[in-house]
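In what follows, a single structure is set out as structure tokens and then discussed.
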Protein chains: 2
Amino acid sequence: MDETPPGATEPGATEPGATAHGDGPAPPKGTVTQRAIERIKTMIREGSLEPGQRLPAERDLAARLGISRSSMREAIRALTILGVLEARHGSGIYVTRLEAGDLLETFGVVADLSRGPRLVELLELRRILESTATSMAAARITPDRLAEVEKHLTAMNATDDPEQILAHDLAFHRAIVASAGNETMTAVLDGLSSRTFRARVRRGDQEEGAFERTRREHAAIHRALVARDPEAARAAAAAHVGEVERWLRSRREP
Amino acid sequence: MDETPPGATEPGATEPGATAHGDGPAPPKGTVTQRAIERIKTMIREGSLEPGQRLPAERDLAARLGISRSSMREAIRALTILGVLEARHGSGIYVTRLEAGDLLETFGVVADLSRGPRLVELLELRRILESTATSMAAARITPDRLAEVEKHLTAMNATDDPEQILAHDLAFHRAIVASAGNETMTAVLDGLSSRTFRARVRRGDQEEGAFERTRREHAAIHRALVARDPEAARAAAAAHVGEVERWLRSRREP
DNA sequence: CGGCCCACAGTGGTCCGACCACTCCAGTCG
DNA sequence: CGACTGGAGTGGTCGGACCACTGTGGGCCG
């Protein structure tokens, strides 16, 4: 694995005094950092960097690509944010397992930063995915998982602490979605249901007996799962998310 | 907003000899860069940083947060990758309009780097979203947009250049999805249908008269749109993506 | 007088070299 | 044999220097 075309690709070789023209033979594309990011992504895509594998030290890597450590660090940081790499202080840099959860963590950021009409769109997206996932779960859920769902359902109804309720609410849906068997979808829905996102949407919704309504909806979803009725599950889940969606919509158009 | 705890956080003010203990009053959490990222995200969320607005210079920002320019740059780079910020060389750093497209561009990276079973999951995700979007489009599409769809459809059938076909294929679906009226969903599907992703999935599929099949499926989708029949549109789109999905699945289980 | 051009200041992009904080492991000591 | 303690190696942070690009204002030319 000697992708080290010696000093050939050396970027520092920019002709001195090239300020005026010097763009003839060596017109690289984007920024150095951007290129470094692409290089690493390519290495992973091509397979020369396997998931879980440890990368060479920052200093070595920088030298190998012919760029400074600073630029290399920015590239690494970027890939770390994307969930592709993982840096362990004092140990090294590793390629993540590249599982859905690793890569889609950034999805939560979108939900966190979105405002206005986009909140409605995100909720609509969640409605579509969650209803389908719940439907799939109805056909595939295992007894174990169903027991877990029930555990969160009863726990949710047994407390008054909003924090606890929210936590079990999240876990309730999460367990169901996980039963659909599509980890990527689970990761996406995780982002769409992140704590801060829901907290922001729900803010102020708790008034006017929304608790009771939520409880009924959850019960309906649970019933559909027990009955192994995909259509009923889809409808119940869609109605559940749709309720929040409707409320949010009405709130934006007085 | 007094994010200037006086000289306390001043970097140069690091207590001499604090190496051994001095951890009483200032036990910050993650890395400096991570904190900087959170700070900026919070500023945006709270509204003190509006979309399109220009940020202070890197040097100023670094000084304001009491960190070095290098660390600040890494934070900025991270947010740039996430599509939250946009750096213009020589001009300044700006907050993006925070539209779905900006924030979800990273979604394409996921598709690019995923392999194995995850490819199937991504395709399943696309099937769910695209079928729903196509269904919605059937009910809402405008004559203008429908004309655009037809344009790409005929152009696609009129050439033999795989490059051209792929381009029009993408545009075909894109125009339809856009008609569903949910920009966030459009952005997600864009990522799920990115050039490299599809190219990778399709590789080798072109043999055995897949062209004809694709053509028929596209025609079916178009017919459903013209008839403004949501159910038919959903079915046609699901079948279309499902075909590729099925092929990919069979390929992975000999 | 009006429009073009250039120099300049400001900004992001890159690089360097140093030091700190942490992890890991091997060699040592009890 | 096990717990402890170094040191080597690695990522994290820092500060300063210089380059490349942009935007603008003043001066020059027509």
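The shown structure was predicted, so the numbers you read here are calculated from the model rather than taken from an experiment. Here is how names work: the chains are called A, B, and so on, in the same order as the sequence lines, proteins then strands, and each is numbered from 1.
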Report which part of the nucleic acid Ser71(A) touches: base, sugar-phosphate, or nothing (heavy-atom distance under 4.0 Å, all strands).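 Sugar-phosphate only.
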
Establish, from distance only, whether the side-chain atoms of Gln164(B) and Thr159(B) form a donor-acceptor pair under 3.5 Å.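 No.
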
Which heavy atom of Leu98(B) sits nearest a heavy atom of Leu113(A), and at what distance?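 The answer is CD1-O, 4.4 Å.
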
Using modelled atom types only, decide if a donor and an acceptor are shared between the side chain of Thr33(A) and the backbone of Ala75(A) within a distance under 3.5 Å.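 Answer holds: no.
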
Test your reading of the model: is there a side-chain donor-acceptor pair from Glu58(A) to the backbone of Met72(A), 3.5 Å cut-off?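 Such a contact is absent between Glu58(A) side chain and Met72(A) backbone.
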
Suppose the criterion is side-chain hydrogen bond (donor to acceptor under 3.5 Å, both in side chains): which pairs have a residue in residues 102-119 of chain B, not counting sequence neighbours?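 Residue pairs passing side-chain hydrogen bond (donor to acceptor under 3.5 Å, both in side chains), neighbours aside: Asp112(B)-Thr196(B).
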
Met72(B) CE to dG13(C) C1': how many Å, rounded?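 Rounding to the nearest Å, CE of Met72(B) and C1' of dG13(C) are 16 Å apart.
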
Tell me: CD1 of Ile81(B) to C1' of dG13(C), nearest whole Å?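 Answer to the nearest Å: 14 Å.
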
Between protein and nucleic acid, restricted to nucleotides 8-12 of chain D and to nitrogen or oxygen atoms under 3.5 Å apart, what atom pairs and distances do you find?
| residue | atom | partner | partner atom | Å |
| --- | --- | --- | --- | --- |
| dG9(D) | N2 | Gly90(A) | O | 3.0 |
| dG11(D) | OP2 | Glu58(A) | N | 2.9 |
| dG11(D) | N7 | Arg59(A) | NH1 | 3.1 |
| dG11(D) | O6 | Arg59(A) | NH2 | 3.3 |
| dG11(D) | N2 | His89(A) | NE2 | 3.2 |
| dG11(D) | N3 | His89(A) | NE2 | 3.3 |
| dG12(D) | OP2 | Arg73(A) | NH1 | 3.0 |
| dG12(D) | N7 | Arg69(A) | NH2 | 2.8 |
| dG12(D) | O6 | Arg69(A) | NH1 | 3.1 |

